[in-house]
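Notes follow once the structure below has been shown.
Proteins come first, then strands; the chains are lettered A, B, ... in the order of their sequence lines, and each starts at number 1.
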2 protein chains.
Amino acid sequence: MRGAQGDLLRLIAGGHAESRAELARLSGLAASSVSLRVEELIGSGLLVEEGSVSSRGGRRPRRLRVSPTAGVLAVADLGGHHARLGLLDLSGTPLVVEERPCEIALGPEATLNWIAASFDDLLATHGPAGVPLRGIAIGLPGPVDPASGRVVSPSRMPGWNNFPVAEHFGAHYDLPVLVENDANLLAVGEARAWPGCETVLVLKAGSGIGCGVIVNGVLHRGRGAAGDISHVRVRSDSSVTCSCGHLDCLEAYASGAALMGVLAEQGIAVGRPSDVVALVDDGIPEATALVRNAGRLIGEVLTVLVNFINPDAIVVGGSLSKAEPLISAIRAAVYERCLPLATRDLEIAVTRSGPDAALLGAGILLLDAVLS
Amino acid sequence: MRGAQGDLLRLIAGGHAESRAELARLSGLAASSVSLRVEELIGSGLLVEEGSVSSRGGRRPRRLRVSPTAGVLAVADLGGHHARLGLLDLSGTPLVVEERPCEIALGPEATLNWIAASFDDLLATHGPAGVPLRGIAIGLPGPVDPASGRVVSPSRMPGWNNFPVAEHFGAHYDLPVLVENDANLLAVGEARAWPGCETVLVLKAGSGIGCGVIVNGVLHRGRGAAGDISHVRVRSDSSVTCSCGHLDCLEAYASGAALMGVLAEQGIAVGRPSDVVALVDDGIPEATALVRNAGRLIGEVLTVLVNFINPDAIVVGGSLSKAEPLISAIRAAVYERCLPLATRDLEIAVTRSGPDAALLGAGILLLDAVLS
DNA sequence: CCATCTTCTTTCGAAATCGAAGATAAAGCG
DNA sequence: CGCTTTATCTTCGATTTCGAAAGAAGATGG
């Protein structure tokens with residue numbers, strides 16, 4: 001996509017602009033130039049005019065949308081034992097989303113081939129006829145080197161270390177392939193639901209603890225592991241060795257897996273982090289106490305980050321986020337301990353954008369790759 | 001300064017470019033457009049051609065510099081008991097720098113009037129004749145709200161809370177006035193000395209502990225307190241109440257002031273943090289142990305931040321940075337505990353840019369304000 | 001010392017962009 | 001209903017920017 005036109009398309013696709021006038025304001029281009037570009041984009045079938053936006057006192061803007069026939073994106077978000085797969089149109093709107101069981105421990109070859117087959121399946125059954133596939137994005141529950149598209153020493157993905165995921169997919173399709181950490185995708189998707197928040201910290205509390213960081217509106221990747229807080233040392237009386245070999249990592253106390261472990265020791269067998277939430281909802285005191293303690297520990301780690309980066313919002317997602325005591329314990333710790341200037345307008349809240357947030361985030365990032 | 005020309009001037013002034021060709025590469029403009037703009041800038045006296053840069057195989061580029069007669073910037077960096085004041089030319093090169101005693105506890109009115117008088121003094125004695133003052137920047141040892149230019153609940157600046165510093169100066173001079181936290185200025189100045197490092201964490205270890213954060217090459221301000229790590233809770237056996245009212249803040253254990261307090265209790269009276277460094281250099285075991293412990297505590301806080309933000313470098317400045325055990329203890333803690341991906345190419349080092357770093361940083365930020 | 005290569009800078013016609021003014025369209029109001 | 005206000009969108013000449021090619025100045029290597 002040629003530069004200037006790509007920028008305009010991105011603004012429309014990203015939901016930032018809906019009319020020519022808005023495009024002019026946001027792109028910095030003159031209104032006349034915008035009109036020209038938009039005319040070309042409509043001519044080439046990427047954009048369509050569709051009705052009008054309601055006015056507030058003047059001529060109604062004509063609503064611009066990305067054409068549904070311009071292309072589809074195939075996106076996937078992998079967990080340890082399941083995968084969410086979806087097709088999006090170029091505006092990032094889901095056409096279809098499915099969750100299917102999938103064992104990541106089967107290794108990269110088997111898993112990625114299965115994903116490719118599933119994409120083909122989805123495209124055959126739900127892909128609109130004649131609309132081309134434009135790009136692929138995969139979210140993985142481990143650190144990803146953004147430059148090479150490789151997984152780097154993941155803790156819960158046996159056999160994946162250093163596997164060239166992007167390259168592997170590139171052999172199947174001649175398309176942009178984006179590989180990213182799942183918490184990062186979640187962060188990008190979630191951030192879209194928090195307009196006005198420029199710096200956002202998105203926590204994914206599931207069987208592991210992940211975190212994505214949006215600084216000034218853009219995902220901060222660092223060296224690929226940015227946002228990793230699971231192996232931070234926490235203050236505790238006892239002493240637990242984490243899977244990473246260090247003592248007292250946050251993950252060893254506050255992750256869904258850790259909570260399930262403690263519950264199992266107490267004779268309460270649970271299979272998934274969401275079962276822990278169910279126990280809390282049922283008022284089982286052991287579970288509630290555990291979750292509250294996990295929230296406190298997470299909150300104490302967050303105090304450091306809140307003072308350091310001064311986010312506008314902390315958003316908690318992942319299956320454990322549905323446990324109310326977790327959120328309130330996080331809030332209590334952060335508001336009690338952080339600097340007033342840092343907490344003055346800080347929002348700490350549960351995810352707004354539902355279970356597809358990571359897929360939406362994948363669409364947003366992928367769009368940038370496709371339109372460049 | 002009109003947009004495009006301002007950008008070019010900034011690139012020259014900031015030391016990013018020295019020739020028309022470099023300007024073209026960095027600005028993204030066509031070489032021909034650059035030539036036109038540069039001609040105009042030379043015409044208006046802001047830029048001068050001065051000799052040539054050494055070539056690497058072709059025609060020698062003609063060196064461009066900001067004209068020494070284009071203007072001066074007045075900058076100040078205030079500490080608790082002294083102030084560094086300087087005049088810079090528009091390229092950020094110091095014309096004169098002085099350190100003078102100054103009690104910040106005398107309150108904002110007295111201090112700021114004294115600064116204004118000192119600037120007038122410096123301009124009269126060292127300001128080149130006929131060269132106009134173009135802007136003023138002040139660094140203060142406390143949180144500054146970047147929007148309003150006010151100090152916000154500083155812990156060691158009695159009487160300054162909510163004082164409108166920028167406004168106060170605006171009444172004296174009709175010029176851009178920049179007010180910023182001292183650690184932030186230090187970070188900006190220091191980052192210039194670390195080319196290739198996009199994300200840098202600059203620690204100021206003096207009588208307090210400050211920290212400035214450069215993310216992707218730009219200073220991250222957050223709400224004005226970003227980078228504050230002094231009130232992070234540290235793991236410790238004993239229990240100390242910090243001046244902020246919380247228990248076990250980093251500052252209460254590892255700041256120069258805290259170290260001096262402990263030494264005083266042991267009967268070793270010292271007046272300034274640099275005296276502590278002298279004791280360490282003299283091999284006084286109490287001092288060395290204290291400093292090493294301070295380094296360990298700072299390092300443990302940094303582990304969280306390194307995992308979280310994945311910086312390319314951690315630079316330690318401030319008077320305590322000259323104590324070698326401090327740096328090595330920080331290194332030990334970070335390298336031992338952080339994720340391999342985060343520490344793989346991480347540099348942890350002492351300041352490269354000397355005592356004027358904060359003033360240079362003030363010049364860099366101020367230039368942006370002046371050239372916009 | 002001369003041909004060749006490299007890099008920097010300028011020239012000049014082509015193309016993109018701007019900006020002011022006008023056309024279009026709707027809301028608010030007496 | 002017509003007038004005013006507000007806002008969006010288009011037209012068109014003026015300006016800016018681009019890009020290819022040529023010119024300038026030094027490095028390199030026989």
Report task. Quickly work out the B/Ile42 CD1 to C/dT10 C1' distance and round it to whole Å. Result -> 13 Å

Query raised in the report: In whole angstroms, how far is the C1' atom of C/dC8 from the CZ atom of B/Arg59?
Result: 5 Å

Report task. Could you point out which residue of A/Ile364, A/Val218, A/Val200, A/Val202 forms a side-chain contact (heavy atoms from CB on, under 4.5 Å) with A/Val188? Result -> A/Ile364

Query raised in the report: In whole angstrom, what separates A/Glu40's CD from C/dA16's P?
Result: 8 Å

Query raised in the report: CD of B/Glu18 versus P of C/dT7: gap in Å, rounded?
Result: 17 Å

Report summary line: Per-nt protein contacts along nucleotides 14-19 of chain D (heavy atom under 4.0 Å; B base, S backbone sugar-phosphate only, - none) come out as --SSBB

Requested in this report: Please check the phosphate of C/dT10 (OP1 and OP2 only) for any side-chain N or O of B/Arg62 closer than 4.0 Å.
Outcome: yes

Query raised in the report: Taking CZ from A/Arg60 and C1' from C/dA26, how many angstroms apart are they, rounded to a whole number?
Result: 7 Å

Report task. Would you mind reading off the distance between B/Arg25 atom CZ and C/dT6 atom P, rounded to a whole angstrom? Result -> 15 Å

**Report entry** Distance below 4.0 Å between B/Ser35 side-chain N/O and C/dT10 OP1 or OP2
**Finding:** yes

**Report entry** d(CZ, A/Arg20; P, C/dT17) in whole Å
**Finding:** 17 Å

**Report entry** Between C/dT11 (P) and B/Glu39 (CD): distance, integer Å
**Finding:** 9 Å

Query raised in the report: How are the rings of A/Phe169 and A/His172 set to each other: parallel, tilted or perpendicular (split at 30° and 60°)?
Result: tilted

Query raised in the report: Excluding sequence neighbours, so at least two apart, what forms side-chain contact (heavy atoms from CB on, under 4.5 Å) with B/Ala31?
Result: B/Ala24

Query raised in the report: Would you call A/Arg62 and A/Glu18 a salt bridge, using N to O less than 4.0 angstrom?
Result: no

Query raised in the report: Is A/Glu22 salt-bridged to A/Arg63, going by a charged N under 4.0 Å from an acidic O?
Result: no

Requested in this report: Would you confirm whether B/Asn310, through its side chain, and A/Gly222, through its main-chain N or O, come within 3.5 Å as a donor-acceptor pair?
Outcome: no

